[in-house]
Participant: 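Mind having a look at this structure? Questions to follow.
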Amino acid sequence: MSVAKKQYKRVTVKSLIEMKANNEKIAMLTAYDYTMAKIVDHAGIDVILVGDSASNVMAGHETTLPITLDQMIYHASSVVRAIDRALIVVDLPFGTYQGNSRKALNSAIRIMKESGGHAVKLEGGAEISKSISRILSAGIPVMAHLGLTPQSIYKFGTYTVRAKEEEEAKKLIEDALLLEKLGCYALVLEKVPATLAKKVADKLTIPVIGIGAGADVDGQVLVMHDMLGMTHEFNPRFLRRYLNLYEEMTNAFQNYIKDVKSLDFPNKKEQY
Ligand code: KIV
């Protein structure tokens, strides 16, 4: 059942801006591989984020810092091969865009050329403005990301809610306005108070997509493995689980083991 206000054959960065103008919420999920991307695209998702959260959920690292540009390109090209409709946004990984705008441009060009993704996402505000401008000057759409920025985890020390204090909230609003002015087409706001997120979404004409940022923004994003309940050790308040795949998959694996050990599998019909 679709609740879309307008049917898009292919979602583009322009579609997202139009959705905000039409008060249609944007639905975004992460994906990192062909099979999952195909399912979520056919389900009608608007945006697929090939997030650097692949470092956590696919590779088992504690943080997003270790994932490389080559690894992000591998994940993104698998997703691109699966997609008919969704906009594909690819995270620039840690160390490939901060402090050197030429390097940032080269990293973004590699993502676009080698994976076929449609846009990139970068974490940060004023401090990465030169990198953002240079990437935009090559015609590459940029999604920004403020609030909890996991690539800076060692600066903050925890994954708790950001911008609760007035000073940090003021800086976040300034950064958001700057990012829009630079030409970013959307902004992800992660784990900030809902009232602040609403304020930002009201001030900007570009869509604000929240994760742990409340309902009064222009769209929502979750990590696919979390919303499917494949991960069970991660339980933030903002996470709604739509399945308990951890339990369902465990049952399936245990049934298979039991059937193999008991000689129930394969049966006569399951052999040649
Ligand atoms: O990498 C990621 O999955 C993200 C989302 C949490 C927004 O950046």
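Remember, it's 1-based here, ligands and their atoms both numbered in the order they're listed. Only this structure's heavy atoms are used, side chains among them; waters, hydrogens and symmetry mates stay out. Just so it is clear, the structure is predicted and the values come from calculations on it, not from any experiment. Starting from 1, each residue takes its place in the sequence as its number.
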Participant: Test of understanding: with side chain to side chain contact (heavy atoms under 4.5 Å, CB included), list the residues that count as partners of Leu65, not counting sequence neighbours.
Facilitator: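 Checked Leu65 against side chain to side chain contact (heavy atoms under 4.5 Å, CB included); matches are Thr63, Phe94, Ile153, Tyr154.
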Participant: So which heavy atom in the protein is nearest atom 4 (C) of ligand 1, and how far is it from that ligand atom?
Facilitator: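 Here the nearest protein heavy atom works out to Leu49 CD2, 3.5 Å.
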Participant: Please confirm whether Glu123 comes within less than 3.5 Å of ligand 1 when only nitrogen or oxygen atoms on both sides are compared.
Facilitator: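 No, there is no polar N/O contact under 3.5 Å.
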Participant: Do any N/O atoms on Thr30 end up under 3.5 angstrom from N/O atoms on ligand 1?
Facilitator: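 In this structure, Thr30 places no N or O atom under 3.5 Å from an N or O of ligand 1.
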Participant: Do Leu87 and Val89 touch side chain to side chain, with heavy atoms closer than 4.5 Å?
Facilitator: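 Answer yes - side chains close enough.
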Participant: Checking Arg162 against Phe156: charged group under 6.0 Å from the ring centre and within 45 degrees of the axis?
Facilitator: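 So Arg162 does make the cation-pi contact.
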Participant: If the cut-off is 4.0 Å to any non-hydrogen atom of Ile211, which atoms of ligand 1 fall inside it?
Facilitator: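 Taking each heavy atom of Ile211 in turn, ligand 1 has 6 (C) under 4.0 Å.
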Participant: Please indicate whether any nitrogen or oxygen in Asp52 is less than 3.5 Å from any nitrogen or oxygen in ligand 1.
Facilitator: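 Among all N and O atoms of Asp52, at least one is under 3.5 Å from an N or O of ligand 1.
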Participant: Only heavy atoms of Val223, strictly under 4.0 Å: list the atoms of ligand 1 that pass.
Facilitator: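 This gives 3 (O) as the contact atoms.
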Participant: With a 4.0 Å cut-off on N to O distance, would you call Lys20 and Asp218 a salt bridge?
Facilitator: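 A salt bridge links Lys20 with Asp218.
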Participant: Would you mind listing which atoms of ligand 1 come within a distance below 4.0 Å of any non-hydrogen atom of Asp91?
Facilitator: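 Selected atoms, number and element: 1 (O), 2 (C), 8 (O).
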Participant: Can the ring centroids of Tyr32 and His225 be said to lie less than 6.0 angstrom from one another?
Facilitator: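 Distance test on ring centres: under 6.0 Å, yes.
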Participant: Can you list the atoms of ligand 1 that are under 4.0 Å from a heavy atom of His145?
Facilitator: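 This gives 8 (O) as the contact atoms.
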Participant: Any idea which heavy atoms bring Gln98 and Gly95 closest together, and the distance?
Facilitator: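 What the structure gives for the nearest pair is OE1-N, 2.9 Å.
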Participant: So among Gln151, His75, Lys121, His145, which one has a side chain to side chain donor-acceptor pair (under 3.5 Å) with Asp91?
Facilitator: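 Testing Asp91 for a side chain to side chain donor-acceptor pair (under 3.5 Å) against Gln151, His75, Lys121, His145 leaves exactly one candidate, Lys121.
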Participant: For residues Asn22 and Lys5, report the shortest heavy-atom separation together with the two atoms involved.
Facilitator: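 Heavy atoms of Asn22 and Lys5 come nearest at O-NZ, 3.3 Å.
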Participant: For Lys121, counting its heavy atoms only, list the atoms of ligand 1 lying under 4.0 Å from any of them.
Facilitator: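 It comes down to these atoms of ligand 1: 4 (C), 8 (O).
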Participant: Report yes or no: does a heavy atom of Met28 sit under 4.0 Å from some atom of ligand 1?
Facilitator: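 Per 4.0 Å heavy-atom rule, Met28 does not contact ligand 1.
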Participant: Under 3.5 Å, N or O to N or O, is Ser53 touching ligand 1 that way?
Facilitator: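 Yes: some nitrogen or oxygen of Ser53 is under 3.5 Å from one in ligand 1.
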